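Just below is one structure, and these are the notes that go with it.
We count ligands from 1, going down the list as the structure has it; atoms in each ligand are counted the same way. These numbers were taken from a predicted model, which means no experiment stands behind them.
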Amino acid sequence: MRSIAVINQKGGVGKTTTAVNLSAALSEAGQRVCLMDLDPQAHASLHLGLALREGEKSIYDVLTGDTTLAEVRRQISQNLWVIPAHLDLAAAEMELAGEVGREVILRDKLVADLATYDQPPYDYLLMDCAPSLGVLTLNALTAVDEVFLPLQPHFLALHGLSKLLRTIDIVAQRLNPTLKLTGVVLCMYESGTRLAAEVTNDVEEFFSRRTTSPAVWSQAQSFTTRIRRNIRLAEAPSFGQSIFDYAPQSHGAEDYRRLAREVMGLPIGEAVTAELEARG
Ligand code: ADP
Ligand code: MG
């Protein structure tokens, strides 16, 4: 099982859109996927049509009580499970603040969950994180093996990145030696603009300069697939659907399908060819 946290402490860069649609694309490709919503805004849950009612259990109950992951997990399609969040998750940051070992709660819950199966129940576990480096994000970093970093090609795209990389590095040293930043996803890409091209170069330069320093990002690759700006991706959440249910022929669907192939280590050219063939 691969476990991946989608992290950037900035809001509005494409974390949720990527966590939701990459999960959906991987599941469409036959992978069993579980998406965990670790953002108190609960955007990923809402994006997939899960608006929890008062009293329904969520990741909040898992992190602050005896509730198991299995009790809150819901299957929403053949290969896709969601562990939803609710606005009350915001209180968890405060409630956990004074607790000993608060960064490892999620990891322990995951280990306990996996121990109930002979085989891991999914191929991919993705976590959609909040735009902060608080206790929820630290729990994600402690529990996963990989981090994907969505970036918006913007002139401040790299601003604040050093802090994020330092945090990943510290968590790797103290809590989770297997943690690695493995992928950078360029989101809301405006192909053909000079800014997009410049920022893309800056990102590549930034990571190539870092290949000689800490091991946590020496394997970071910028995915070849860029997620183009596509209005369908922005519309899909209000219908409670992934891009594949909402607009399967859109550029957004095409890009996330392609990204999923890249994540799975498959050649990406074929996805495009198949797509074009399907359209006749
Ligand atoms: P984050 O989770 O990092 O805060 P979101 O994924 O919620 O970011 O994206 C921020 C906003 O941009 C949302 O309204 C989302 O629908 C929109 N958006 C994300 N990716 C794209 C894209 N490729 N094209 C158009 N709109 C996008
Ligand atoms: Mg989000």
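- In this structure, Arg226 satisfies the cation-pi test against Tyr189, with its NZ or CZ atom closer than 6.0 Å to the six-membered ring centre and inside 45 degrees of the ring normal.
- Taking the ring centroids of Phe244 and Tyr256, they lie at or beyond the 6.0 Å cut-off.
- Close contacts of ligand 1 with Leu233, meaning ligand atoms under 4.0 Å from a residue heavy atom, involve 16 (O), 22 (C), 23 (N).
- Of all protein heavy atoms, the one lying nearest to atom 16 (O) of ligand 1 is Ala234 CA, 3.3 Å.
- Here the options are Thr182, Leu181, Leu165, the test is side chain to side chain contact (heavy atoms under 4.5 Å, CB included), and the partner is Val147; only Leu181 passes.
- Scanning all protein heavy atoms for the shortest distance to atom 4 (O) of ligand 1 gives Gly12 N, 2.7 Å.
- Residue contacts with ligand 1: Gly11 is placed with no nitrogen or oxygen under 3.5 Å of a nitrogen or oxygen of the ligand (distance criterion only).
- Annotation: Gly14 places an N or O atom under 3.5 Å from an N or O atom of ligand 1; distance criterion only.
- The shortest distance between side-chain heavy atoms of Val82 and Asp37 does not fall below 4.5 Å.
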Would Val111 and Leu114 count as a side-chain contact (heavy atoms from CB on, under 4.5 Å) if you check the C-alpha gap in whole Å, the side-chain angles of each, and the deciding distance to 0.1 Å? CA-CA 5 Å; Val111 169; Leu114 292 175; 6.0 Å; no
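- Close contacts between ligand 1 and Arg228 involve ligand atoms 22 (C), 23 (N), 24 (N) [criterion: under 4.0 Å to a heavy atom].
- Within ligand 1, counting atoms from 1 as listed, the ones closer than 4.0 Å to a heavy atom of Ile227 are 23 (N).
- Metal site remark for the Mg ion (ligand 2): Thr16 contributes an N, O or S atom at a distance under 2.8 Å.
- Minimum heavy-atom separation, Ser222 to Glu204: CB-OE2, 3.9 Å.
- Where the criterion is an N or O separation shorter than 3.5 Å, residue side chain and backbone included, Thr17 meets it with respect to ligand 1.
- Tracing side-chain contacts under 4.5 Å through hydrophobic residues (I, L, V, M, F, W, Y), one reaches Leu89 starting from Leu69; they form part of the same cluster.
- Near Val13, the atoms of ligand 1 lying under 4.0 angstrom from a non-hydrogen atom of the residue are 1 (P), 3 (O), 8 (O).
- Within 4.0 Å of atom 22 (C) of ligand 1, at least one protein heavy atom is present.
- Checked by distance only, ligand 1 and Thr16 come closer than 3.5 Å through their nitrogen or oxygen atoms.
- Between the Arg261 side chain and the Ala29 main chain, no donor and acceptor come within less than 3.5 Å of each other.
- Ring planes of Tyr246 and Phe239: parallel class, angle under 30° (limits at 30 and 60°).
- Side-chain atoms of Glu262 and Thr224 form a donor-acceptor pair, as typed in the model, at a separation below 3.5 Å.
- Nearest protein heavy-atom contact of atom 24 (N) of ligand 1 is Asn230 N, 2.8 Å.
- Of all protein heavy atoms, the one closest to atom 11 (C) of ligand 1 is Met188 CE, 4.8 Å.
- For the pair Lys10 and ligand 1, the shortest N or O to N or O distance does not fall below 3.5 Å.
- Contact annotation for atom 13 (C) of ligand 1: protein absent (non-hydrogen atoms, distance under 4.0 Å).
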